[in-house]
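Values below: all heavy atoms of this structure, side chains included; hydrogens, waters and symmetry mates excluded.
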Amino acid sequence: FIVVNCALYAGSAGLANSDLFGHVKGAFTGADKDRQGRFVAADKGILYLDEVGELPLEVQAKLLRVFEEGWVTPEGADQPTAKVDVRIIAATNRDLPDMLRAGKFRADLYHRLTTLRLHVPPLRERLEDIRTILEERLELLRSEGCARTLSRSDYELLKDYDWPGNVRQLIKLIERAFYLEMPIREALEEERALGELRAPEDASPSQEDPLLPRSQREVR
C-alpha cells in the first residue's frame with residue numbers, strides 16, 4: 001500500500017514523473033542512478049493518489065498508459081521498462097467534473113478513475129459519528145497522560161457545531177482542549193470566532209486551507 005500526496009507535484013511535472021514513474025541514470029542533473037517509482041513499488045498492491053486533482057495535466061496523460069496497459073516508462077527512458085499490476089485509489093476535495101469542464105483535468109483520466117465513486121458526507125451531515133470518530137483519539141490522548149474524558153454535555157456541544165473543517169478540525173480541537181486543559185465550550189467559542197476559514201473559489205492549490213474536507217473519493 002503506497003501513499004502519494006499529489007499536492008506536492010503542483011506546478012512540477014518533472015517531480016511528478018520522477019516520483020511516480022521513476023527515472024534512469026542521467027535523466028536530469030543529480031540523477032546519478034536508476035530509481036524505481038511509486039508504481040513499481042506498488043506492484044501487486046495498491047497505489048493511493050491523495051489530492052489527485054492537483055496532478056499537472058501532462059502527468060495525467062502519462063498515467064493513462066499505465067492504467068490501460070500497466071507499462072511504466074521512467075523519466076529519461078525511451079521505452080517502458082516495467083509492467084505493473086496495481087489497483088488505484090484516488091481521493092480529492094476538488095470538484096473534478098468542474099475541473100474537467102474548465103480544461104484542468106482530463107476527461108479520459110476521470111472516467112478511468114470513476115469505476116467506483118464514493119462520496120464522503122461532511123461531518124455536519126453525520127454528527128452521530130462524532131463519538132465513534134473520537135474514541136481512538138481519546139485512547140491515544142490517555143496514553144499520552146491526558147486522563148480527561150468527555151461528558152455527555154461535551155458531546156452535545158460538539159454536535160451543535162457545523163464543523164466546516166470536518167473530521168480534522170474536530171480532532172485538532174479536542175487535542176488542543178486536552179493539552180491546554182480548556183473546557184470544550186471555550187474551545188468551540190474560539191473556532192466560531194475564527195469563522196469557516198474557507199479559501200476563495202479561484203484560489204490556487206497553494207492557497208487552499210488544509211482543513212477543508214475531502215468531499216469526494218474516487219476509486220478505480
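A 6.0 Å sphere centred on CD of Glu144 holds more than 12 heavy atoms belonging to other residues, nucleotides or ligands. Few gaps surround CD on Glu186; more than 12 heavy atoms of other groups in view lie less than 6.0 Å from it. The local environment of CZ in Arg142 is crowded, with over 12 non-hydrogen atoms from other residues, nucleotides or ligands closer than 6.0 Å. Annotation: Arg126, atom CZ; neighbour count of heavy atoms from other residues, nucleotides and ligands within 6.0 Å is above 12.
Residue Leu57 belongs to no hydrophobic cluster, having no ILVMFWY side-chain heavy atom closer than 4.5 Å to its own. When hydrophobic side chains of Ile, Leu, Val, Met, Phe, Trp and Tyr are connected at separations under 4.5 Å, Trp71 ends up as a singleton with no cluster partners.
Closest of all the heavy-atom pairs between Leu113 and Ala90 is CD2-CB, 4.0 Å. Contact record, Val40 with Ala82: CG2-CB, 4.1 Å, taken as the closest heavy-atom pair. Here the closest heavy-atom approach between residue Arg94 and residue Thr92 is recorded as N-OG1, 2.9 Å. In plain terms, the two heavy atoms of Val86 and Ile46 that are nearest each other are CG1-C, 4.3 Å. For the pair Val72 and Pro74, the tightest heavy-atom approach, listed with the atom from each and the gap, is O-CD, 3.6 Å. Ala42 approaches Leu47 most closely through the heavy-atom pair CB-CB, 4.1 Å.
Here the side chain of Arg176 pairs no donor or acceptor atom with the backbone of Met182 at under 3.5 angstrom. Side chain of Asp160 to main chain of Leu157: no donor-acceptor pair is present (N/O by atom type, distance under 3.5 Å, no hydrogens or angles). No donor-acceptor distance shorter than 3.5 angstrom exists from the side chain of Asp85 to the backbone of Lys44, with no hydrogens or angles considered. In this structure, Lys62 contributes its side chain and Thr73 its backbone to a donor-acceptor pair below 3.5 Å. Judged by distance alone, with hydrogens and angles left aside, the side-chain atoms of Gln60 form a donor-acceptor pair with the main-chain N or O of Arg106 at under 3.5 Å.
Using a 4.0 Å cut-off between charged nitrogen and carboxylate oxygen, Arg112 and Glu68 count as a salt-bridge pair.
At a threshold of 4.5 Å between non-hydrogen side-chain atoms, the residues Leu138 and Thr149 do not count as touching. Leu55 places a side-chain heavy atom less than 4.5 Å from the side chain of Leu20. Using a 4.5 Å cut-off on side-chain heavy atoms (C-beta onward), Leu173 and Leu158 make contact. Using a 4.5 Å cut-off on side-chain heavy atoms (C-beta onward), Asp95 and Phe105 make no contact. In this structure, Pro97 and Tyr110 have side chains that are in contact, with non-hydrogen atoms separated by less than 4.5 Å.
Note: Leu127 CG to Arg124 CZ = 10.0 Å, rounded to the nearest 0.5 Å. Atom CZ of Arg137 and atom CD1 of Ile171 lie 4.5 Å apart (nearest 0.5 Å). Here Glu135 contributes atom CD and Ile133 contributes atom CD1; the two are 10.5 Å apart, rounded to the nearest 0.5 Å. Atom CG in Leu134 sits 5.5 Å away from atom OH in Tyr155 (nearest 0.5 Å). Rounded to the nearest 0.5 Å, atoms CG (Leu150) and CZ (Arg148) are 6.5 Å apart. A distance of 12.5 Å separates CG in Leu194 from CD in Glu189, rounded to the nearest 0.5 Å.
Between Tyr48 and Phe1, the angle of the ring planes stays under 30°, which puts this pair in the parallel group of the 30/60° scheme.
Under the 4.5 Å side-chain heavy-atom criterion for grouping Ile, Leu, Val, Met, Phe, Trp and Tyr, Val59 is connected to Val84 within one hydrophobic cluster. Residue Val4 is grouped with residue Phe67 when hydrophobic side chains (ILVMFWY) are merged at heavy-atom distances under 4.5 angstrom, including chains of intermediate members. One hydrophobic cluster holds both Leu64 and Val52 under the rule that ILVMFWY side chains link at heavy-atom gaps under 4.5 Å. Both Met99 and Leu109 belong to a single network of hydrophobic side chains, linked directly or stepwise wherever heavy atoms of I, L, V, M, F, W or Y lie under 4.5 Å apart. In terms of hydrophobic clustering, with Ile, Leu, Val, Met, Phe, Trp and Tyr side chains grouped at heavy-atom distances under 4.5 Å, Tyr179 and Ile174 are assigned to a common cluster.
By the 6.0 Å and 45° rule, Arg192 does not stack over the aromatic ring of Tyr161.
Identified under the salt bridge (Lys or Arg N to Asp or Glu O under 4.0 Å) test for residues 1-24, with sequence neighbours left out: Asp19-Arg35, Asp19-Arg38.
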